[in-house]
Amino acid sequence: NITLTIKDNKVMKYKATDKLHAIIPYNKFTTDRNINFGVLDLETFKDEDGLAKVYALGFMTYLDKAPKLYYLTDYVNLDSEGLILKCIDDMLINKYNDFIFYVHNLGRFDIVFIYTVLLNSNLIKGFDHYVLNPIMRDNIIIKLDIKIKIESKSHKYRYIKISLVDSFNLLNYSLDKLSKQFNIEFRKGIFPHNFVKRNSLNYIGKKPDFYYYESIDINEYKLIPDKDWNLKIECLNYLNKDIISLYNIMFEFSRLI
């Protein structure tokens with residue numbers, strides 16, 4: 001309460017009898033952001049025909065305790081294309097319906113494998129089992145909606161849909177730089193991509209020579225154990241880190257915006 005003393009239409013004196021409360025910061029918890037998203041990543045090698053082939057891939061959402069990983073030699077009846085379809089089919093279930101899966105550099109790399117495999121599968125089946133809706137920008141796919149039709153218990157048909165979105169268009173840096181900027185605990189590992197060939201997918205032995213590694217110095221290379229180096233284990237560890245890093249980056253990014 002404030003008491004004013006007025007004389008000749010002028011305030012001569014004022015007195016505050018109550019103190020104002022301290023200003024409290026306004027912290028409203030955000031509840032309307034979409035957390036129904038995940039991430040997808042894949043690894044390739046250059047085959048004998050000179051073409052790149054996918055030999056490992058995986059995905060993760062907040063519903064999963066850890067990334068779901070796929071490695072080519074674990075599936076004796078699948079080739080590279082079949083491995084991709086196996087992963088996509090495992091994503092096209094009720095659990096992930098209407099989820100967005102971020103893929104770093106989707107439009108300039110990963111989409112070449114994913115889109116081609118889905119189109120070929122439709123051709124083999126003779127109908128559009130995978131209903132594809134690409135969104136383009138400057139002749140590059142920046143988003144791909146994938147739908148399949150399923151029959152419900154009432155014998156009515158409905159669709160399950162997932163969307164692949166290029167996270168590189170939102171965050172135009174490498175995963176390693178983004179992990180540092182967002183202070184993500186899981187950092188991108190090191191892996192000798194050029195060492196991987198079709199006949200070395202289950203390689204166990206001496207660590208690959210230094211020139212197979214990219215962007216590391218000799219001191220980092222010396223820290224890698226010399227013996228019993230396992231390509232499959234190293235690849236899946238590397239892929240696991242990439243997926244967790246990208247997921248945490250996108251989770252933090254969605255929180256900030």
Side-chain angles (χ1 to χ4, degrees), residues 36-61 67-169 193 196-199 201 235 239 242-243 246:
N36 290 336
F37 69 86
V39 297
L40 171 69
D41 192 21
L42 53 83
E43 299 294 336
T44 65
F45 70 94
K46 189 175 182 180
D47 207 354
E48 295 174 351
D49 57 8
L51 299 177
K53 304 286 178 65
V54 174
Y55 71 99
L57 72 166
F59 69 92
M60 179 182 179
T61 73
K68 294 187 177 182
L69 304 177
Y70 303 79
Y71 196 79
L72 186 57
T73 59
D74 288 339
Y75 302 90
V76 293
N77 296 322
L78 296 181
D79 58 8
S80 178
E81 291 193 359
L83 187 70
I84 296 173
L85 288 177
K86 166 66 176 170
C87 179
I88 295 295
D89 286 341
D90 287 350
M91 295 162 68
L92 284 166
I93 60 176
N94 281 321
K95 180 179 179 180
Y96 306 118
N97 188 33
D98 284 331
F99 268 56
I100 295 172
F101 286 87
Y102 291 102
V103 189
H104 214 53
N105 206 19
L106 171 74
R108 291 175 175 82
F109 186 75
D110 305 74
I111 197 64
V112 174
F113 306 95
I114 298 170
Y115 196 57
T116 302
V117 165
L118 295 175
L119 286 178
N120 288 341
S121 180
N122 284 344
L123 288 174
I124 293 172
K125 293 177 184 294
F127 67 99
D128 286 345
H129 173 70
Y130 301 102
V131 181
L132 306 176
N133 180 31
I135 296 177
M136 312 284 292
R137 187 179 70 190
D138 299 329
N139 295 320
I140 295 175
I141 295 178
I142 61 173
K143 180 182 179 184
L144 176 64
D145 293 334
I146 308 170
K147 296 195 300 185
I148 58 170
K149 184 188 289 186
I150 64 169
E151 186 178 358
S152 64
K153 293 180 180 179
S154 61
H155 302 290
K156 294 182 179 180
Y157 288 97
R158 66 184 184 86
Y159 285 98
I160 290 179
K161 186 190 81 171
I162 60 172
S163 299
L164 307 183
V165 174
D166 196 337
S167 55
F168 195 74
N169 290 312
H193 296 283
V196 183
K197 305 294 179 185
R198 179 173 292 277
N199 60 3
L201 294 180
C235 170
L239 180 59
D242 269 8
I243 291 173
L246 181 56

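All of these numbers come straight from a predicted model, not from anything done at the bench.
- By the side chain to side chain donor-acceptor pair (under 3.5 Å) test, Arg137 pairs with Asn169, sequence neighbours left out.
- Identified under the ring-ring contact (aromatic ring centres under 6.0 Å, His included) test for residues 70-94, with sequence neighbours left out: Tyr55-Tyr71.
- With sequence neighbours left out, Lys53 forms a salt bridge (charged side-chain N to carboxylate O under 4.0 Å, His left out) with Asp47, Asp49.
- Annotation: the span from Ser80 atom OG to Ile84 atom CD1 amounts to 5.0 Å, rounded to 0.5 Å.
- For the side chain to side chain contact (heavy atoms under 4.5 Å, CB included) test, residues two or more places apart in sequence or in another chain that qualify with Ile150 are Asn94, Ile148, Arg158, Ile160.
- Between atom CZ of residue Phe101 and atom CG of residue Asp41 there is a gap of 13.5 Å, rounded to the nearest 0.5 Å.
- Under the side-chain contact (heavy atoms from CB on, under 4.5 Å) test applied with Ile114, the options Leu119, Leu57, Val54, Leu42 reduce to a single match, Leu42.
- Heavy atoms only, all atoms of each residue included: Tyr102 and Leu246 are closest at O-CD2, 3.8 Å.
- Here the side chain of Asn122 pairs a donor or acceptor atom with the backbone of Tyr130 at under 3.5 angstrom.
- Under the salt bridge (charged side-chain N to carboxylate O under 4.0 Å, His left out) criterion, Lys86 pairs with Asp90, not counting sequence neighbours.
- For the atom pair His129 NE2 and Leu118 CG, the distance stands at 9.5 Å (nearest 0.5 Å).
- Of all heavy-atom pairs between Asp145 and Ser163, the closest is OD1-OG, 2.5 Å.
- By the neighbour-count criterion of 12 heavy atoms within 6.0 Å, atom NZ of Lys95 is densely surrounded, having more than that number from other residues, nucleotides or ligands.
- Across all their heavy atoms, Ile141 and Met136 have their closest contact at CG1-SD, 3.2 Å.
- Residues forming a salt bridge (charged side-chain N to carboxylate O under 4.0 Å, His left out) with Asp138 (at least two apart in sequence, or on another chain): none.
- For Lys68, the side chain to side chain donor-acceptor pair (under 3.5 Å) partners two or more places apart in sequence, or in a different chain, are Tyr96.
- With a 4.5 Å cut-off on side-chain heavy atoms, Cys87 and Leu40 count as touching.
- Residues Ile135 and Leu144 have side chains not in contact (no heavy-atom distance under 4.5 Å, counting atoms from C-beta outward).
- From Cys235, atom SG reaches atom CZ of Phe45 across 11.0 Å, with rounding to the nearest 0.5 Å.
- Residues satisfying the side chain to side chain contact (heavy atoms under 4.5 Å, CB included) test with Asn77, not counting sequence neighbours, are none.
- Screening residues 97-118 for salt bridge (Lys or Arg N to Asp or Glu O under 4.0 Å) gives no qualifying pairs among residues at least two apart or on separate chains.
- Counting heavy atoms from C-beta on, the side chains of Leu106 and Lys143 never come closer than 4.5 Å.
- Nearest heavy-atom pair across Asp166 and Gly107 is OD2-N, 2.9 Å.
- Contacts of Glu48 classified as side chain to side chain donor-acceptor pair (under 3.5 Å), with partners at least two apart in sequence or in another chain: none.
- With sequence neighbours excluded, no residue satisfies side chain to side chain contact (heavy atoms under 4.5 Å, CB included) with Val112.
- Checked options Ile162, Thr61, Ile146; the residue passing with Met91 is Ile162 (criterion: side-chain contact (heavy atoms from CB on, under 4.5 Å)).
- At most 12 non-hydrogen atoms from other residues, nucleotides or ligands lie less than 6.0 angstrom from OH of Tyr157.
- Applying the side chain to side chain donor-acceptor pair (under 3.5 Å) rule to Asn36 yields the partners Tyr62; only residues at least two apart in sequence or on another chain are considered.
- The nearest pair of heavy atoms linking Tyr115 to Pro134 is OH-CG, 3.7 Å.
- The backbone N or O of Val131 lies less than 3.5 Å from no partner atom in the side chain of Asp128, so there is not a single donor-acceptor pair.
- The shortest heavy-atom contact between Ala56 and Leu83 is N-CD2, 4.1 Å.
- In this structure the side chain of Leu201 reaches within 4.5 angstrom of the side chain of Val196, judged on heavy atoms.
- For the atom pair CZ (Phe168) and NE2 (His104), the distance works out to 5.5 Å, reported to the nearest 0.5 Å.
- Side-chain contact check for Leu85 versus Val117: some heavy-atom pair is nearer than 4.5 Å.
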